[in-house]
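First listed ligand is number 1; within each ligand, the first listed atom is number 1.
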Amino acid sequence: MSARPLSILVVAPALGPLGSGKAGGVELTLLSVVSGLLERGHRLTVAAAEGSSLPPSCQGAALLLEPGAPQESCQHAPRASDVWMPAQGLLPRLWQRALQEPIDVVLNLGYDWLPFWLTPLVEVPVFHLVSMGSVNQVMDAAIAELARWDQRRLAFHTASQAADFDLPQPPVVVGNGFDLADYSLCLEPDPLLGWVGRVAPEKGLEDAAAAAAQVGQTLAVWGLVEDPGYAERVEASVAPGTLDWRGFLPTAALQAELGRCRALLNTPKWNEAYGNVVVEAMACGVPVVAYRRGGPGELVQPGLNGWLVEPDQPSALADALERVDQIDRRQCRQWVEEQASKAVLAERLEQWLQAGLLRKER
Ligand code: UDP
């Protein structure tokens, strides 16, 4: 139980309903944040797109649903793109609603210009858990500006992510958190490799496919196909049967299949803010072979829960796969229990919010 229970309103990304997979890893993060903070005795409300629902672990939270057109995620547009607002946009509706609620704190999980911009202008304290690294120059400026005003309102998932931004102070890094009850440890894997993520170029599936082809093992692929043309190009880049496309599964089904893998390959081309799927695999006992880059470069502890290799080198991934059987699958799970449970995350978030609510020293 925390020192002072807070009334916290969490604003979901304005990309689509929770449960659709449209917001990528942020959807799972939101559920961990909400259920973890509920367990610490706080009062939670979630503002999200119409069509969203919350699982039993979050049932103690009130849900405010708003209609409206979703935002386009800025991660697929050029860095120099303007920020756009659709007609009848969901984002302003969510924020209009959020700012009218009688609460202590608003916690933003969306990566949009509007909430960063309005933070210094409103009475209610708005905090931001930044979900991506730098992908757009308008967002870079908004985050830097807010950091100059009061950096205590910002938290990041990893130090590598935070290093993308122009911050006057050392960043608050909270990692991420997972409900370990949702993941079962599997000690006897099949001769199968796994890859999980949105199927989009920044996730680098082609490199994992090339490594799987080199070692002659099937690569099971789970995730939302965001870019069908890209998926076709990756499929065509390796021999038929190398990739086993399994689609987007809810967590319970995903972890049951993922746990059967010998190893997870994680091959992002961008500065991945965290890498939920890396930790989800470890929670099932699956060692991770990843590029030494971004969040996964901080999560994978070589020799303990996986191996890190030089970025963008599929043959280095293939070499590391020869060594995955040296990893004790129990240690992968244990690392998650110690470093990335939802209880650990909730405690870090609570400290961040409580510190940010103290009067600002001028
Ligand atoms: N995911 C899922 N089912 C799938 C594939 C992926 O629920 O079949 C979820 C996964 O649990 C993770 C998210 O999609 O939470 C991907 O998050 P990550 O942080 O790896 O990347 P992002 O998509 O946010 O860039």
**Report entry** Neighbouring residues of ligand 1, heavy-atom cut-off under 4.0 Å
**Finding:**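 Protein residues near ligand 1 are Gly24, Gly25, Leu28, Val196, Arg198, Lys203, Trp222, Gly223, Gly247, Phe248, Leu249, Leu254, Trp270, Glu272, Asn276, Val277, Glu280.
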
Requested in this report: May I ask you to check whether Glu235 and Trp245 show a side-chain donor-acceptor distance below 3.5 Å?
Outcome: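 Yes.
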
Query raised in the report: Out of Leu205, Leu193, Asp244, which one pairs with Val221 under the side chain to side chain contact (heavy atoms under 4.5 Å, CB included) rule?
Result: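 Filter result, single survivor: Leu205.
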
Query raised in the report: Are there more than 12 heavy atoms of other residues, nucleotides or ligands under 6.0 Å from atom CZ of Arg79?
Result: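 Check passes, neighbour count above 12.
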
**Report entry** Apart from Leu224 itself, residues in the same hydrophobic cluster as defined by side-chain heavy atoms under 4.5 Å
**Finding:**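 Members besides Leu224, by chain and number: Phe248.
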
Report task. Apply side-chain hydrogen bond (donor to acceptor under 3.5 Å, both in side chains) to Ser315 and list each qualifying residue two or more places apart in sequence or on a separate chain. Result ->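 Ser315 satisfies side-chain hydrogen bond (donor to acceptor under 3.5 Å, both in side chains) with no other residue.
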
Requested in this report: Not counting sequence neighbours, list each pair that qualifies as a salt bridge (charged side-chain N to carboxylate O under 4.0 Å, His left out) and has a residue in residues 187-196.
Outcome: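 Matches after skipping sequence neighbours: Asp190-Arg260.
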
